[in-house]
**Student:** 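My structure is below; once you've seen it, I'll send some questions.
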Amino acid sequence: MSDRIVIIGAGATAVHFAATALLLGRKVLMLDVGRPAPAPALPGASLNGLKTDLDDPVRYFLGEDYGSLILPTDTSEYYGFPPSKNYVFKPLDDYAVKAKGFEPLMSFAAGGLAQAWTAGAYPFNEGELEAFPFGWAEMAPAYGEVARRIGVSGVTDDDLSQFYPAHDGLLPPIQLDAHSQFLLDDYASRREKISGKHGLYLGRSRSASLSRDHAGRKACSLSGRCLWGCPSQSIYTPSVTLQECLSHENFEYRPGVRIAHFTSDASGRVTHVAGSLIESGEEISVAVGELVLAAGALSSTRIFLESLLRAGVRHEAGGLMDNRQVLMPFVNFKRLGAAFDDRSYQYHQIAIGAPGAHPFDYVHGLVTTLTTAMAHPVAQSLPVGMRAAMGLFRNIHGALGLANINFADTRREENRIALEIGADGRSKAMLINYTPDTNEPARVKPMIKRFRGFLAALGCVAPPNMTRMRPMGASVHYAGTVPMQTEGGDFTTSSDGRCRPFKNLIFADGSTFSSLPAKNLTFTLMANSTRIARAALG
Amino acid sequence: MDDVADALAAIAQGAAIEGGLIELGGADRYDLRALYARLRGAPVRFAHLPLTLTRHALALAEKPLLPLLPLTAGQLSTFVNDGLADPHPAAAALLPSPRPAPRANRASPPSGPSGEALDKEFTRHARYVAGVEPTAYQKAKNRDFHAKRTLEPANALDALLLKVSRLGGLGLALADSYSGLLYRRSVVRAKLVLALALLESSAPSFAVLDAPDKGAARVFQHGAARRDGGRCHADRGAGVFARACRARAHWQA
């Protein structure tokens, strides 16, 4: 029997489980589809430098086939992804998904979906962990360990610090862009009045981006290229940790593999994983000592259900969760006509916190100032001719912002992942069904009003007709299908991620979450995976 | 309908369909305008109504006037969603090659402009939307786009707007304004968005598109004055906002 740990996936949870297992002296084999990232173009250039110096800048910004160009005739929900990040979302052939009430995004990239994240790194507090079978005391060391590994920048002394517990390894914050600084200053001058009236708070984001050199990576150079992929890896992505693991003698990474299921013996011990090579289609089988499913909540659940099906068990995984998101564009009237600096950090640097009756009811708003966003998707959304729209856009560009409001979700059994079974008894597709909580409008609508009022108090107008509720699935914060429970039944996990009734099957990704607070979960995914690795292997 | 009847017969005779819902579609796809024109067998003129406004108006009128209304807001919504058949393996087996409609009834494919005409059109659009002359590189990318993606009028109104826009100055402004207010998915607007995307993605035009107007900066100065507790930076501008700012300072004094 092999003592080797086999990890499926190479995303945020997989690489941190692997890094921790290697620290504990274990041998790790990572199996992954693993589409590689393209090399960054002109790494030393600024955003506008790319427009000037690249041989074919239109290809870089809009894509070879103009796939990132959004035209009025397009109906896509998503803002056009930069061509440099297409590899993150490129689908896999024969990976059929049928979803109802849910628009899933999946990644088969080396590094997973977090290769395209916006680096928000928010620890859950004691109240937000209430549904989990552990608390802040168990998570705090893991948050610190991950923060030291990836570099998290932020502050601990502003109005939002009451919602973000302090952890080790926090770096100073990144230099604010002019608009974010303006909003913070304006808020600071009248904070008691504004917060008192609306019950909302403004402060700095926590970001997995470097304000100073850290662990061999350079501090943010303010190149303005965040959206198109940080050329210096100042913004953390899981591929950074994957590279570190690759330098370890006990680590083996095998990309180009799609794992479909595992097999177990009569005692409940997983013995092999089986799948195929992407290029040739050749079927493979790999012996495992411990199996770690860390391919993301949807893919891990699919592998799990497929394995059960092949063992003669038809199971449906309930409790799927995702954060409802509301996008609220706004114009800061006090900055109309202001120029913007393209050499600034592009992702959210400030956030709005809205506490509720219980800590879990907290609503989290990420504020991005759209500094170097492309003009054409925004200009065409204005209800005027394109010439007028572009004239308007040029003059409001430095005043534009976007609040991305995130709402918590809870496990409800009716939100399920299942397999569509063909006549031959084999699975044909993954079925996802999601129905929002009937109480959702009562939670969301008043909060939208509060956010709009809060922004208005800061001199910002958020036109109601431009505020948009995103479909479920759009936040890509999937969780909850194999939850951690202290005394759960079969197909639940213990607090160390071990899946009942199997003896050596560990879930390390969002599948295990018992609830889903509003704060972006990625940092907690990494920390929880690290905690699980230490608890299960230590 | 013949091939649909054949498919139903195959199912009745026990073809494996494994339950579930199977959607059958034909070889052709039409939007409502093209479908209506084909049913009538002649070109049709359409009057466009703003969807959102009409839907809200219908929704308001439904309660008191439901029996009298020709259609409801819900029925109107069905026009927004397509009626295309979702791919299904059983459909592929039952209808391996759906038969197209007779050629005689099909609309002739639109013919695109030549490369030179595309350059002229793009230059006109670049001047109009950003006040810049496009570079040879940008013109080449515009041609490249049209070689790779289709950008043709979807109906008679769309074609008319494109024709008007090609009249030059006033025509382009009229077509653009109409599109912005009442026909956001027109091909004229799409071409202007394309021009904007190409201009903002490359040098030297991106710098022009990034810069705010001087007049708008005066609006900002007015805001700055407010933030400074009402003090006015009156020496900074001569525009309407600066004058208003000075007037307010005078009044406050």
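Lettering of chains follows the sequences in order, A, B, ..., and the numbering in each one begins at 1.
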**Student:** Do Pro383(A) and Arg184(B) have side chains that get closer than 4.5 Å, going by heavy atoms?
**Tutor:** yes
**Student:** Between atom CG of Leu209(B) and atom CE of Met390(A), what is the distance when rounded to the nearest 0.5 Å?
**Tutor:** 4.5 Å
**Student:** Quick one: does Phe206(B)'s side chain get under 4.5 Å of Thr52(A)'s, heavy atoms only?
**Tutor:** yes
**Student:** Is Val188(B) in contact with chain A via its backbone, its side chain, both, or neither, using a 4.5 Å heavy-atom distance?
**Tutor:** neither
**Student:** Side chain, backbone, both or neither: which part of Asn332(A) has a heavy atom under 4.5 Å from chain B?
**Tutor:** neither
**Student:** Going by side-chain hydrogen bond (donor to acceptor under 3.5 Å, both in side chains), name the residues that satisfy it together with Glu64(A), two or more places apart in sequence or in a different chain.
**Tutor:** Arg59(A), Lys148(B)
**Student:** How far apart are the closest heavy atoms of Arg394(A) and Asp213(B), and which atoms are they?
**Tutor:** NH1-OD1, 2.9 Å
**Student:** Once rounded to the nearest 0.5 Å, what's the spacing between atom CZ of Arg387(A) and atom OG of Ser177(B)?
**Tutor:** 9.5 Å
**Student:** Nearest 0.5 Å please: distance from the CG atom of Leu194(B) over to the CD1 atom of Ile70(A).
**Tutor:** 13.0 Å
**Student:** Of all the heavy-atom pairs spanning Val58(A) and Tyr137(B), show the shortest one and how long it is.
**Tutor:** N-OH, 2.9 Å
**Student:** Heavy-atom distance under 4.5 Å to chain B: side chain of Met386(A), backbone, both or neither?
**Tutor:** both
**Student:** Under 3.5 Å, is there a donor-acceptor pair between the side chain of Gln380(A) and the main chain of Val193(B)?
**Tutor:** no
**Student:** In terms of heavy-atom pairs under 4.5 Å with chain A, which of Val129(B), Asp210(B), Val187(B) leads?
**Tutor:** Asp210(B)
**Student:** Quick one: what part of Leu382(A) sits under 4.5 Å from any heavy atom of chain B, side chain, backbone, both or neither?
**Tutor:** backbone
**Student:** Counting only heavy atoms not in Arg190(A), do more than 12 fall under 6.0 Å of its CZ?
**Tutor:** yes
**Student:** Side chain, backbone, both or neither: which part of Asn48(A) has a non-hydrogen atom closer than 4.5 Å to chain B?
**Tutor:** both
**Student:** Heavy-atom pairs under 4.5 Å with chain A are the metric here; pick the option from Leu199(B), Leu181(B), Leu192(B), Asp144(B) that has the most.
**Tutor:** Asp144(B)
**Student:** Looking only at non-hydrogen atoms, find the nearest pair between Glu200(B) and Ala375(A) and report the distance.
**Tutor:** OE1-N, 2.6 Å
**Student:** Which one wins on heavy-atom pair count under 4.5 Å against chain A: Leu172(B), Leu196(B), Asp176(B)?
**Tutor:** Asp176(B)
**Student:** Between Ser381(A), Gly398(A), Gly459(A), who has the most heavy-atom pairs with chain B when the cutoff is under 4.5 Å?
**Tutor:** Ser381(A)
**Student:** With a 4.0 Å cut-off, would you call Lys141(B) and Asp56(A) a salt bridge?
**Tutor:** yes
**Student:** Could you tell me which non-hydrogen atom of His376(A) sits nearest to which non-hydrogen atom of Ala197(B), and how far apart they are?
**Tutor:** ND1-CB, 3.6 Å
**Student:** Is there a side-chain contact between Pro57(A) and Ser202(B) (heavy atoms, below 4.5 Å)?
**Tutor:** yes
**Student:** Measure distances from Ala379(A) to the heavy atoms of chain B and classify the residue's part below 4.5 Å as side chain, backbone, both or neither.
**Tutor:** both
**Student:** Please report the closest heavy-atom contact between Leu71(A) and Arg149(B), naming both atoms and the distance.
**Tutor:** CD1-NH2, 3.9 Å
**Student:** Would you find more than 12 non-hydrogen atoms of other residues, nucleotides or ligands less than 6.0 Å from Asp94(A) atom CG?
**Tutor:** no
**Student:** Can you tell me which portion of Leu151(B) sits under 4.5 Å from chain A's heavy atoms? Options are side chain, backbone, both or neither.
**Tutor:** side chain
**Student:** Does the side chain of Leu62(A) reach to within under 4.5 Å of the side chain of Leu198(B), using non-hydrogen atoms?
**Tutor:** yes
